[in-house]
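Read the numbers this way: they start at 1 and go in the same order the structure lists the ligands and their atoms.
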Amino acid sequence: MPSLSFTAALGLLSLLPAAQAGWNQNSNNNIVVYWGQNSGSVGQNRLSYYCQNAPDVDVINISFMVGITNLNLNLANVGNNCTSFPQAPNLLNCPQVAADIVECQQTYGKTIMMSLFGSTYSESGFSSSSAAVSAAQEIWAMYGPVQSGNSTPRPFGNAVVDGFDFDLEDPIENNMEPFAAELKTLMNANTSKKFYLSAAPQCPYPDVSDQSFLNGQVAFDWVNVQFYNNGCGVSHYPTDFNWATWDNWAKTVSANKNAKVLIGTPANVGGANAGSFPTDSQLSGAINLAKGSSSFGGVMLWDMAQLFSNTGYLAKIVADLGGSSSPPPPPPPSTTLATVTRTSTASTGPTSSPPSGGNGGSVPQWGQCGGNGYTGPTQCQAPFKCVVESEWWSSCQ
Ligand SMILES: *[C@@H]1O[C@H](CO)[C@@H](O)[C@H](O)[C@H]1NC(C)=O
Ligand SMILES: *[C@@H]1O[C@H](CO)[C@@H](O)[C@H](O)[C@H]1NC(C)=O
């Protein structure tokens, strides 16, 4: 969705759907983009770059945790800026991503999901139900709220993700449902913050890799259906695009009858998904069809690096969804970013000091300073004031 603060400044507010930053379960125009895999090797930037420059993107999916029994985090070229843990040599230790997650959440209102598995995952699930439960507890200790006294390595330090995404493409998966159920239980037990669970099945129904947990008892908030690389994809609209099947899944099969279905589509003609890139009119047609269903939740794009190499594509999709695209907000000066980061980490330590600069606060112009569920800094830099724009979003103006 367009960044509310920026569109308000342009006076376009009345033209927009209920705009907000971050995932909105009641919206049909969420935009979810995967980051971390540098698909097509077009040049992937650090996470904060995209949060600063993609105001229309609500959810960013960090991909992937490719090994869980044998801990393995793969972030393609981003891994060059990480180290590893002595006790888990394939687990990346990424302070830069940690800082970027906090900035994306607090300054730009993004929902940051940790994507598990991915197409190279080959552990076929867990050896037993109890092994699955232990693995879920370990993943929660790694990426969920910091647990004092727990020595599980945390790839993103004290940053806490907003939820987990299952992208399973391994056809054999044992005990995946107890894994999902335990993760969901741990997420629900924390009432101070809303955590989400999503999955990325392929469009042929039922998806071979995901059926045990998508047809089961675990409530997923949304599915990023991969409507590509298959005959049921958007590039086969209108004849074989199987939207109705997934709409039916959401309403009659899903444990969560309010689950949203997103149209997943490649972000560019090249890369790994060449051959299933839809024409503009096919994508517009598919989105229009889906808009007629209450289960429609928006669009998922694979992936961020491809999206940024396809100029104008995000704006086209925002228009198809019924919004007006916003140009990126003016990036805050780097000294401001440093202040935001410092303030948020310092506030957890014993020697917390007031934000520097003597201007009263740390949140820059257009940064988030309030809203339901927001826990970041609330004081605006002078001369800006924190303006309430919706239940979910206040920003410095
Ligand atoms: C690696 O870190 C450098 C220096 O901060 C940054 O400019 C670059 O974007 C980072 N690369 C990735 C892929 O995250
Ligand atoms: C719940 O999550 C919040 C946000 O990450 C965290 O600060 C808090 O400690 C968590 N509570 C429990 C009981 O884990």
Side-chain angles (χ1 to χ4, degrees), residues 22-23 33-54 60-64 73-84 92-106 109-114 136-152 154-164 182-197 303-309 331-335 337-338 340-349 352 368 371-378:
W23 173 260
V33 185
Y34 285 86
W35 170 87
Q37 286 300 302
N38 195 23
S39 141
S41 301
V42 289
Q44 175 176 249
N45 276 298
R46 61 187 281 186
L47 182 60
S48 57
Y49 170 84
Y50 299 108
C51 294
Q52 290 157 11
N53 291 289
I60 297 175
N61 195 326
I62 299 180
S63 40
F64 291 106
L73 173 64
N74 180 301
L75 297 174
N77 63 323
V78 174
N80 299 339
N81 285 358
C82 307
T83 56
S84 65
L92 297 171
N93 182 356
C94 305
Q96 188 180 63
V97 179
D100 287 6
I101 290 172
V102 172
E103 182 185 332
C104 290
Q105 291 169 325
Q106 298 193 352
K110 307 297 186 191
T111 299
I112 306 291
M113 303 283 284
M114 183 64 215
Q137 290 166 351
E138 182 174 45
I139 289 292
W140 182 245
M142 290 168 73
Y143 298 106
V146 175
Q147 299 173 21
S148 64
N150 187 312
S151 62
T152 304
R154 292 181 59 92
F156 308 137
N158 289 346
V160 179
V161 301
D162 295 296
F164 296 90
E182 177 67 10
L183 211 43
K184 185 77 184 175
T185 301
L186 292 164
M187 295 193 303
N188 284 350
N190 188 318
T191 50
S192 76
K193 171 171 160 160
K194 171 73 183 159
F195 291 96
Y196 298 102
L197 199 58
D303 67 348
M304 191 72 87
Q306 289 288 345
L307 181 62
F308 269 66
S309 67
S334 53
T335 51
L337 287 181
V340 171
T341 308
R342 242 192 338 268
T343 305
S344 53
T345 37
S347 64
T348 61
S352 170
Q368 186 172 11
N372 204 340
Y374 174 74
T375 56
T378 55

Please report the shortest heavy-atom distance between Val42 and Ala305, naming the atom on each side.
CG2-O, 3.3 Å
In terms of the angle between their ring planes, are Tyr50 and Phe308 parallel, tilted or perpendicular, with boundaries placed at 30° and 60°?
perpendicular
Residues with a heavy atom under 4.0 Å from ligand 1, by chain and number, are Gln44, Arg46, Asn77, Val78, Asn81, Gln96
Any N/O pair Asn190/ligand 2 closer than 3.5 Å:
yes
Element-labelled atoms of ligand 2 that are located less than 4.0 Å from some non-hydrogen atom of Ser192:
1 (C), 2 (O), 3 (C)
Salt bridge (charged side-chain N to carboxylate O under 4.0 Å, His left out) against Asp100, all qualifying residues, sequence neighbours excluded:
Arg46
Where ligand 2 meets Val160 - atom numbers and elements under 4.0 angstrom, heavy-atom basis
5 (O)
Residues which pass side-chain hydrogen bond (donor to acceptor under 3.5 Å, both in side chains) with Asn93, listed by chain and number, not counting sequence neighbours:
none
From CA spacing to verdict: side-chain contact (heavy atoms from CB on, under 4.5 Å), Ser63, Asp303:
CA-CA 10 Å; Ser63 40; Asp303 67 348; over 6 Å; no
Quiz: residues 182-189 side-chain donor-acceptor pairs under 3.5 angstrom, not counting sequence neighbours:
unit_1 : atom_1 : unit_2 : atom_2 : d
Glu182 : OE2    : Gln137 : NE2    : 3.0
Lys184 : NZ     : Ala219 : O      : 3.1
Thr185 : OG1    : Ala181 : O      : 2.9

Could you check whether the rings of Phe164 and Trp140 sit parallel, tilted or perpendicular, using 30° and 60° as the cut-offs?
tilted
